[in-house]
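Letters A, B, ... mirror the listed sequences (proteins, then strands); counts begin at 1. Please read all numbers here as calculations on a predicted model, not as lab measurements.
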Amino acid sequence: MHIRGTVAGEVEVRSVSTSYGESELAEVPLLLAAEDDGERPPTRTFARDGDGAVSDPTSDYETTTVTLWNKWAESADYLEPGLEVLVTDAKEETYQGETQYATTGDSYVVVEPSFLVNVTAIRNWVQCPRLYYLNKLSGVPLNYPVVKGTLVHEVFGDLLRGRDLEESIDARVDERGLELGLLGETPEAVAEEVRENAKAIEGWLEQGRLTEEDSWRSEQLLISETFGLRGRADAIRRGAPVELKTGKNLKKEPRFKDKVQAACYALLLEEHGGDVDLGTLLYTKNSALDRNEETGDLTPAKEFTMGDGLLKFVVRQRNELAAMEISGDVPTGYEGSAKCEYCFEQDTCMVVSGRLDQESKAGQIATPLPEEEREYFYRFYQAIEEERREVHREYAKLWEQDAQERADDDRALIDLKFVEKRPLEGGRWELRARRTSSANSKIREGDFVLASDGHPVRGNSELATIERLDDEVVLTADEPVEVTRLDVYPSELTTDRLLVAMHDALLKGDERRKDILFGRATAEFDEISETFIDNNAAQNEAVTKAVGARDCALIHGPPGTGKTYTIARAIRAMVERGERVLLSAFTNRAVDNALEALLEQLEDGVGSQTQRSGDGKAVSVVRVGSESGIREDMEPYRLERAGDPEDRVAELQNAQVVAATTATCGSRVMKEQAFDVALVDEAAQLTEPGTCAAINLAERFVLVGDHEQLPPVVRAENDLTESLFERLIDCHPEAGVMLDRQYRMNQRIQAFASQEFYDGELRPAEPEVAGRTLDDLAGVSTDALPPELQDPVAFVDVEGDGGQYTDSEEAARIADLIATYERAGLERSEIGVIAPFRAQVSEIASHVPDDVTVDTVDRFQGSSQEVIIVSFTATGSLEGPIFEDYRRINVALTRPKRALVLVGDPAALASDPVYERMLEWART
DNA sequence: TCTCTGCCGAGAGGA
């Protein structure tokens, strides 16, 4: 039976004499819960909250002792109270009348099984725990061996799927044009080298075909809920893992870390019903010239038998890694037996140790960072790792939640009916399924998802790209899966990049930059006499500061104040001065909006320049990002990654303006780029490390945003919730400018937000704005509206149905209001409805016509409408965290141009002072 | 059950 529980106290380790000799044992007090539903293997579980504390240790729970024998006793060192432990194939014993458990010869002990560890992470960890840590901190830089290795793997996969070798090489090399260009490689030379490696693979494949019909499967993503492992095996041949290595290995035996990697895949396969005792490592750089002296063997393949001992060793290593990650400790390198003098990362290791004043086996060089910087590092390291644990929790939900729960959570589409699988050129597959309901989910076109025939972890599943998602789902994948279900596949990519950005800012960052970030120096500016914007003093000052900033400028742009225009004008001025500019923001949408404004601005700019100097040179602009993320009309500016390396790299390198999300700024390709200025829009929605990803690439930076609107989205409550923008606005008032003229709202609409959030400083830019009403719109007459809707701000009293997250009475009333506006001549597309909860958004959407935009506050940020109707969805009181953040109400109230209607229960709203003031304002 | 976007996925190698 499997035993699962939390460590409930101190672990006792001792030696005992047995009939087999001296044995180690560890006695672990464990808190168990009742048997679960029996769907899974007989496992005893317990309930625990996020901090590892048992949430309700009542009579449902029982404490017992699990004895871990011999090697498993080693794990006792890090079995802190609160850690979760799973013991497979345990035996039950009775001791002094109490039931206890112990490991058997077949047992595995898994620490924190819900913490999914990557196979490659274990490989690094086995090599040296500190190497694992360093890789995490600084990422893998762009270098040729890595790119070549990736290429050979891709070609290998293609060969297994039956693709022609030359066709595969051509296509794969072409796809990596940009990277190869940055590395200064020619396609011919790379293709030749890949061909060399591929020959070794082909030769070996031929051998296999001569002997018997092999059964192959390429690149399968495997997840183990028992061992807490995930990884993607290069190939599986007759049920056993095959790992490809493009490095050289002339020894008889495979390298140990490679064996470890194969052993991880064996464990994964075992959970999926396999019985693996053989692993193959394919060293493709080994050629006929490297004939094995002993055996005379020409093959690059090295087979080895996978003993029980190796598999258990691997699990213990995984445990050690998981325990360290949970505790937040920093590895020193003493945990392993690697020799520092052979290590490629020795220098990096010593510098990191020195700068962060960490203990390390390699020793320290360089002087430590100032204490406040080290404190910052550890604070943000913790915060980012907390985010990572939240991502891990998302993975765990793949098996902890049942299908319906995941669908209700919008994380899965479970209603699919498989239609067909069709082979594509190049050996990949197109999969089609029909949707049988209109259930919504966060899955969208272009996403990477787990496509399965029933269960994302236990069933047959494959990573797939969503090509189309309407009544039918069209996917592409490496292998054919009879898909009936799609699950969101969580990714650690963002957290990885945050960590690297923070590391780079502190350890590679320029001293002056850090003085600014830590408030140790005052921001300086060049004198600029040019006038950039005639009729708006604040905007002109903002552009002047942005252009003249030697360190940074901070532009505070409340709703409707033309920050996008200001950004565009500033970039144009920078470009005209010959500077190279990075334009970034957190979301693709924000990047595209800013880019659109810039393109308009540049058209004007080039025109006027032509008039002035006769030099009408076009400015080259490039948008970096994935096809699915970039808005269609910006597609012509998208940097294509595939193609001739020289051309690709020239396009990027010569671009005067590069636009990309902050996440993309952390990519290997973007990290190779350098800019004079980084301009970050919607900076108040970015975490500090997120902002660093962009500003790390530039000499100076300009942040544009509004910290009175919504903060960054983070999973865990921690230091990431405050933006760098907000912090710098406080500590560098000399660098800040607030845009104080708004071009959006009627004066009456703007009054409350201005008073409440902007100290009354926000004003209409022009009389036309202040006095705008629905009457300005063609065919609309305010007189046709009932008296209560004739004022630009109206309150509609609806008592509500008392529902927690929905209110059908409000929804019905809103449908009436929309009909009323329509009768007065408004187009449906001119009306927007905002609700706090997604459930209420769906409720309202089911009451109103399709062409009325209904969405949550969060998703309305950044856009505006002629008429906005707000559904408060609260009866009696304003309970719930969503109402606590007043920035959300600021966003909702500042979306309309000409009319705002608040719908809700006055009694509920009056229960909070801010909402009460809002009520007064709306009713007068 | 509060709100939620990114990312070409993971992994590719060097003695």
### Query
Which listed nucleotide (B:dG14, B:dC2, B:dA10) is nearest to the side chain of A:Arg232?
B:dA10
### Residue list, side chain to side chain contact (heavy atoms under 4.5 Å, CB included) with A:Asn124, at least two apart or on another chain
A:Gln127, A:Leu131, A:Tyr132, A:Asn135
### Query
Checking all strands, does A:Thr494 fall into the base, sugar-phosphate, or nothing category for heavy-atom contacts under 4.0 angstrom?
base
### Message
Regarding A:Pro141, tell me which of base, sugar-phosphate or nothing describes its non-hydrogen contacts under 4.0 Å with the strands shown.
### Response
nothing
### Query
Salt bridge or not for A:Lys442 and A:Asp447, using N-O below 4.0 Å?
no
### Closest heavy-atom pair and its distance - A:Leu178, A:Leu639
CD2-CD2, 3.6 Å
### Query
B:dG11 P sits how many Å from A:Leu151 CG, rounded?
17 Å
### Message
Rounded to whole Å, please give me the gap between CD in A:Gln685 and P in B:dT3.
### Response
17 Å
### Query
Counting distance only, does the side-chain N/O of A:Arg638 pair as donor-acceptor with the main-chain N or O of A:Met634 below 3.5 Å?
no
### Task
Identify, with sequence neighbours excluded, every residue that meets ring-ring contact (aromatic ring centres under 6.0 Å, His included) alongside A:Tyr133.
A:Tyr381
### Protein-nucleotide distance (A:Leu183, atom CG; B:dG13, atom C1'), rounded to Å
13 Å
### Query
Where the side chain of A:Arg715 is defined as all heavy atoms beyond and including C-beta, which of B:dG6, B:dA12, B:dC2 is the nearest nucleotide?
B:dG6
### Task
Report yes if at least one side-chain N or O of A:Tyr144 is closer than 4.0 Å to OP1 or OP2 of B:dG13; otherwise report no.
no
### Message
Whole angstroms only, please: what is the CZ-P distance between A:Arg444 and B:dT5?
### Response
6 Å
### Query
Can you name the ring-ring contact (aromatic ring centres under 6.0 Å, His included) partners of A:Phe256, sequence neighbours left out?
A:Phe313
### Message
Check A:Glu390 with A:Arg393, please: is the shortest side-chain N to carboxylate O separation under 4.0 Å?
### Response
yes
#### Entry: Contact under 4.0 Å: A:Arg859 side-chain N or O vs B:dT5 OP1/OP2
yes
### Message
Under 4.0 Å, counting only non-hydrogen atoms across every strand here, what does A:Thr664 touch: a base, just sugar-phosphate, or nothing?
### Response
sugar-phosphate
### Query
Which of the following nucleotides, B:dG6, B:dA12, B:dG13, is nearest to the side chain of A:Pro145?
B:dG13
### Query
Is there a donor-acceptor contact under 3.5 Å from the side chain of A:Glu810 to the main chain of A:Phe872?
yes
### Task
Look at the side chain of A:Tyr805 and decide which nucleotide, out of B:dG6, B:dA10, B:dT1, has an atom nearest to it.
B:dT1
### Task
On DNA chain B, check which nucleotide each of A:Gln804 and A:Ser491 is closest to and give me the residue with the more 5' one.
A:Gln804
#### Entry: Salt-bridge present (A:Arg232, A:Asp478; N to O < 4.0 Å)
yes
### Task
Output the residues of residues 118-126 of chain A in contact with DNA chain B, where contact means a heavy atom of the residue under 4.0 Å from an atom of the strand; sort by number or write none.
A:Asn118, A:Thr120
### Message
Salt bridge or not between A:Arg888 and A:Asp858? Use side-chain N to carboxylate O under 4.0 Å.
### Response
yes
### Message
Check the phosphate of B:dG13 against A:Lys148, side-chain N and O only, distance under 4.0 Å to OP1 or OP2. Yes or no?
### Response
no
### Task
Quick one: label A:Tyr395 by what it contacts on the DNA or RNA (base, sugar-phosphate, nothing), any heavy atom closer than 4.0 Å.
sugar-phosphate
## Note on the structure
When rounded to whole Å, the CD to P distance for the pair A:Gln127 and B:dA15 reads 13 Å
### Message
Mind checking if A:Tyr265 touches a base, just sugar-phosphate, or nothing, with heavy atoms under 4.0 Å?
### Response
sugar-phosphate
### Message
Under 3.5 Å, is there any donor-acceptor pair linking the side chain of A:Glu345 to the base of B:dG14?
### Response
yes
### Query
Which nucleotide in the list B:dG14, B:dG11, B:dT3 gets nearest to the side chain of A:Thr150?
B:dG11
### Query
For A:Gln709 and B:dT3, what is the distance between atoms CD and P respectively, to the nearest whole Å?
20 Å
## Note on the structure
With the side chain defined as heavy atoms from C-beta on, A:Asn588 is closest, among B:dG6, B:dA15, B:dA12, to B:dG6
### Message
Heavy atoms only, 4.0 Å cut-off, all strands: where does A:Phe837 land among base, sugar-phosphate and nothing?
### Response
sugar-phosphate
## Note on the structure
Those residues at least two apart in sequence (or on a different chain) that pass side chain to side chain contact (heavy atoms under 4.5 Å, CB included) with A:Ala590 are A:Ala585, A:Thr587, A:Glu682
### Query
For A:Lys442, which contact category applies under a 4.0 Å heavy-atom criterion: base, sugar-phosphate, or nothing?
base
### Message
Taking the minimum atom-to-atom distance to the side chain of A:Asn143, which one of B:dG13, B:dT3, B:dG6 wins?
### Response
B:dG13
### Summary
Quick note, A:Ile882 side chain, CB onward, closest among B:dT5, B:dT3, B:dG13 is B:dT3
### Message
Over all strands shown, is A:Gly231 touching base, sugar-phosphate only, or nothing at heavy-atom distances under 4.0 angstrom?
### Response
sugar-phosphate
#### Entry: Identified stems (criterion: three or more consecutive Watson-Crick or G-U pairs, under 3.5 Å), DNA chain B
none
### Task
Provide the distance between the two C1' atoms, one in B:dC8 and one in B:dA12, to the nearest whole Å.
14 Å
### Task
Mark yes or no for whether A:Asp409, through its side chain, and A:Glu405, through its backbone, hold a donor-acceptor pair below 3.5 Å.
no
### Message
What contact category does A:Arg668 fall into here, base, sugar-phosphate, or nothing, at under 4.0 angstrom with non-hydrogen atoms?
### Response
base
### Query
Ion pair present between A:Arg176 and A:Glu154, side-chain N to carboxylate O less than 4.0 angstrom?
yes
### Task
Look at the side-chain N and O atoms of A:Gln261 and state whether any lies under 4.0 Å from the OP1 or OP2 oxygen of B:dA12.
yes
### Message
Taking any heavy-atom pair under 4.0 Å as a contact, classify A:Arg887: base, sugar-phosphate, or nothing.
### Response
nothing
### Candidates B:dG13, B:dA15, B:dT5 - which lies nearest the side chain of A:Val140
B:dG13
### Query
NA contact type, A:Asp496, heavy-atom cut-off 4.0 Å: base, sugar-phosphate, or nothing?
nothing
### Summary
Which of B:dG14, B:dC8, B:dG6 is nearest the side chain of A:Phe344? It is B:dG14
### Message
At 4.0 Å (heavy atoms only), tell me whether A:Lys257 reaches a base, stays on the sugar-phosphate, or touches nothing.
### Response
base
### Message
Distance check needed: B:dG11 P versus A:Leu493 CG, whole Å only.
### Response
13 Å
### Atom pair distance, as rounded to whole Å: CD1 in A:Ile834 and P in B:dT3
15 Å
